[in-house]
There are 2 protein chains.
Amino acid sequence: MVTMSDVARLAGVSTMTVSNVVNNRPGVSGPVRTRVQEAIRQSGYRVNTSARTLRSGRTGVIGLAVPEIGRSYFGLLAAHVIEQAGRLGFHVAVEQTGAAADGELDAIAHSHTLHFDGLILSAVGLDSRDRRLAEADYPIVMLGEQDYGGRLDHVAMPNEEGTRAATAHLIERGCRRVAVVTGGALEGVNVVTRRYQGYLAAHADRGLTPDPALRFAVTAMSPEGGRDAAHRLADSGLAIDGVVCVTDTVAQGVLRGLADRGLRVPDDIRLVGYDDIPEAAMMVPSLSTVAPDHRWMAATAVELVVGRIHDGGRPASEHVAPFELMARESTR
Amino acid sequence: MVTMSDVARLAGVSTMTVSNVVNNRPGVSGPVRTRVQEAIRQSGYRVNTSARTLRSGRTGVIGLAVPEIGRSYFGLLAAHVIEQAGRLGFHVAVEQTGAAADGELDAIAHSHTLHFDGLILSAVGLDSRDRRLAEADYPIVMLGEQDYGGRLDHVAMPNEEGTRAATAHLIERGCRRVAVVTGGALEGVNVVTRRYQGYLAAHADRGLTPDPALRFAVTAMSPEGGRDAAHRLADSGLAIDGVVCVTDTVAQGVLRGLADRGLRVPDDIRLVGYDDIPEAAMMVPSLSTVAPDHRWMAATAVELVVGRIHDGGRPASEHVAPFELMARESTR
DNA sequence: TTGTATGCGTTATCAC
DNA sequence: GTGATAACGCATACAA
């Protein structure tokens with residue numbers, strides 16, 4: 001391995017000068033800088049991150065903890081986070097939490113162990129008011145989860161507003177009996193609750209009260225969970241002409257489950273999701289959905305961690321992503 | 001930050017003894033070991049990875065370079081790799097290469113810089129015979145790409161065999177004019193070429209020669225690329241009763257594109273993909289596809305890197321994943 | 001503008 | 001079975 005001393009010897013300077021050149025610091029004359037750069041090129045020198053980290057306490061790596069990287073939504077999010085972090089000179093290590101509070105706490109502990117400079121936590125099981133979260137002594141940004149504590153930086157989705165708009169969209173399209181497929185086991189989770197409230201709010205806005213029987217809880221926030229819910233929905237015999245889904249991933253399964261029962265979308269039932277995953281536009285029928293600005297969210301989250309890495313004392317802030325309602329075939 | 005010396009002081013031993021306990025080394029008496037463990041627990045000590053790395057040259061992190069983590073297939077793969085690596089005590093850092101040789105070379109360079117212990121490279125733009133790949137002086141495993149060089153460990157997909165089986169499946173279902181939607185810009189890429197050859201082979205097996213006009217090249221290996229190809233396919237006016245797609249991701253777009261033109265699957269045209277991404281079973285109609293064992297691939301790749309980390313001299317080996325043909329609604 | 005000394009936390013080596 | 005010491009490669013503080 002070629003070290004700074006090697007480069008220094010080659011360029012006829014001290015290691016310190018090499019260090020200054022490598023880190024683009026001022027205080028090195030033009031000729032010397034060029035000579036050092038040439039020596040670096042020739043020798044194929046690469047900074048040793050570990051040594052730098054040991055010395056400076058920075059790793060240049062941001063942790064990203066998501067429930068499951070295999071789910072489109074989180075894959076998409078990760079893609080944006082990795083891209084944005086790269087722009088700011090950081091690398092990203094991905095953790096999978098398995099959508100459980102335990103996994104999320106593990107991610108925090110791991111981050112500590114691995115000396116990530118900061119952590120972006122897409123939490124579903126962990127409440128940001130969790131004591132153990134606040135105990136972490138380094139930058140954490142919560143992503144995609146509604147927060148109340150205000151102790152941590154937060155990039156939230158327009159959960160209530162988005163679902164409200166989605167539900168309103170169905171009603172405006174003429175739906176009179178709108179069902180909602182929402183979280184089951186994850187009942188306590190804010191994102192689920194807030195979206196459900198959006199569904200209620202859209203009804204309330206029009207002086208309506210939805211039939212409680214039209215609320216279907218998934219057993220899992222997955223296509224399989226959605227499919228199962230759709231079966232129950234279809235088999236219930238209830239008159240239903242619209243469905244609001246808690247996520248696109250669930251909506252995928254709902255669409256499939258309705259097809260299983262011979263129900264056509266949008267002819268028999270209209271359907272709307274949340275997230276605008278890449279598949280949404282490609283589904284048959286294409287899925288109407290709430291599209292929060294994912295790139296904005298990723299960029300904001302990265303900026304927040306990086307900002308906090310450089311200035312840990314800054315007060316926590318909360319940001320809500322803008323969104324757009326994508327009206328596609330499933331509600332035509 | 002609490003260091004080994006802190007623990008050592010607390011336990012009344014030397015740092016070396018603490019190190020031995022932390023690393024589960026022999027040569028520490030029972031009582032002392034217990035005392036040290038207790039001190040670790042009390043103090044909340046965590047090893048400093050950077051220091052350990054600096055000293056030992058190992059980071060405990062494996063790099064995973066994929067074209068786009070946002071695509072289902074790679075997200076799924078990453079999920080499995082992360083899981084398997086965790087099982088063996090390694091963390092995973094994900095790089096995005098953007099499906100370009102440049103990005104892939106960057107990943108190699110980055111790995112070097114960050115001192116990953118090894119790299120799993122899901123290459124599409126880079127040929128494993130590339131000189132620069134072989135120059136890398138640390139463990140690299142190629143994933144999902146057919147190799148000929150034999151210089152690197154390789155976990156390949158059953159590209160030709162899989163597509164051959166998929167094509168045969170269509171023919172057995174009664175299709176007489178089977179089109180293929182294959183790679184365009186990525187023409188030189190092995191995975192695409194091999195799959196196309198599987199399409200040809202299935203025909204040759206039956207003494208058939210497919211009409212060259214039935215070959216449609218996508219402009220991008222994405223749903224959008226597939227959709228566009230489907231439009232051209234439908235607008236060609238050619239009699240086509242089956243389509244073999246190079247990937248499920250492309251097939252998603254093809255299905256969508258056929259729907260755009262009022263063509264129904266499987267009634268008008270049968271469709272088969274490759275990969276068995278999670279969405280395949282949830283699509284309407286559900287997508288028949290070639291299902292390589294992703295978990296097996298991830299596990300094998302991780303074992304290979306880890307094995308090579310411990311024994312760099314071992315000769316390179318090549319492994320081909322088993323697969324299964326999933327017959328679903330799109331070919332019914 | 002450039003160089004020297006020192007220490008970050010850990011582990012390999014060797015002495016006890 | 002345990003401990004003292006040096007060294008990994010880099011960057012901070014300060015001297016020149």
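Sequence lines set the chain letters: A, B, ... in the order given, protein chains first and strands last, and positions in each chain run from 1.
Checking the phosphate oxygens (OP1, OP2) of D:dA4, no side-chain nitrogen or oxygen of B:Ser14 falls inside 4.0 Å. Distances shown here put a side-chain N or O of B:Ser29 below 4.0 Å from the OP1 or OP2 atom of D:dT2.
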**Study point:** Derivation of the salt bridge (Lys or Arg N to Asp or Glu O under 4.0 Å) call for A:Glu38 and A:Arg41
**Key:** CA-CA 5 Å; A:Glu38 178 56 24; A:Arg41 225 187 38 70; 3.1 Å; yes
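Looking only at distances, a side-chain donor or acceptor of A:Gln96 sits under 3.5 Å from a matching main-chain atom of B:Ala79. Put simply, the side chain of B:Asp117 never gets that close to the backbone of B:Ile62: no donor and acceptor are under 3.5 Å apart. Side-chain atoms of B:Ser19 do not come within 3.5 Å of backbone N or O of B:Thr15 as any donor-acceptor pair.
Residues of residues 30-42 of chain B having a heavy atom closer than 4.0 Å to DNA chain D, listed by number: B:Val32.
Applying the salt bridge (Lys or Arg N to Asp or Glu O under 4.0 Å) test to pairs two or more places apart or on separate chains, those with a residue in residues 6-16 of chain B are B:Asp6-B:Arg9.
Considering only residues two or more places apart in sequence or on other chains, B:Glu83 meets the salt bridge (Lys or Arg N to Asp or Glu O under 4.0 Å) condition with B:Arg87, B:Arg295. A:Tyr73 meets the ring-ring contact (aromatic ring centres under 6.0 Å, His included) test with A:His294; sequence neighbours excluded.
A heavy-atom distance below 4.5 Å is not found between the side chains of A:Pro31 and A:Thr34. Between B:Met297 and B:His80, every side-chain heavy-atom pair lies at or beyond the 4.5 Å cut-off.
Direction change of the helix axis from one end of the helix from C:dT1-D:dA16 to C:dC16-D:dG1 to the other is 40°, with five pairs defining each end axis (rounded to 10°).
With respect to A:Val141, the side-chain contact (heavy atoms from CB on, under 4.5 Å) criterion is satisfied by exactly one of A:Val306, A:Val305, A:Val302, A:Leu152: A:Val305.
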Exercise for review: Give the B/S/- string for nucleotides 7-14 of chain D, one per nucleotide from 5' to 3', where a protein heavy atom under 4.0 Å of the base yields B, of only the sugar-phosphate yields S, and otherwise -.
Suggested key: BBBBBBB-
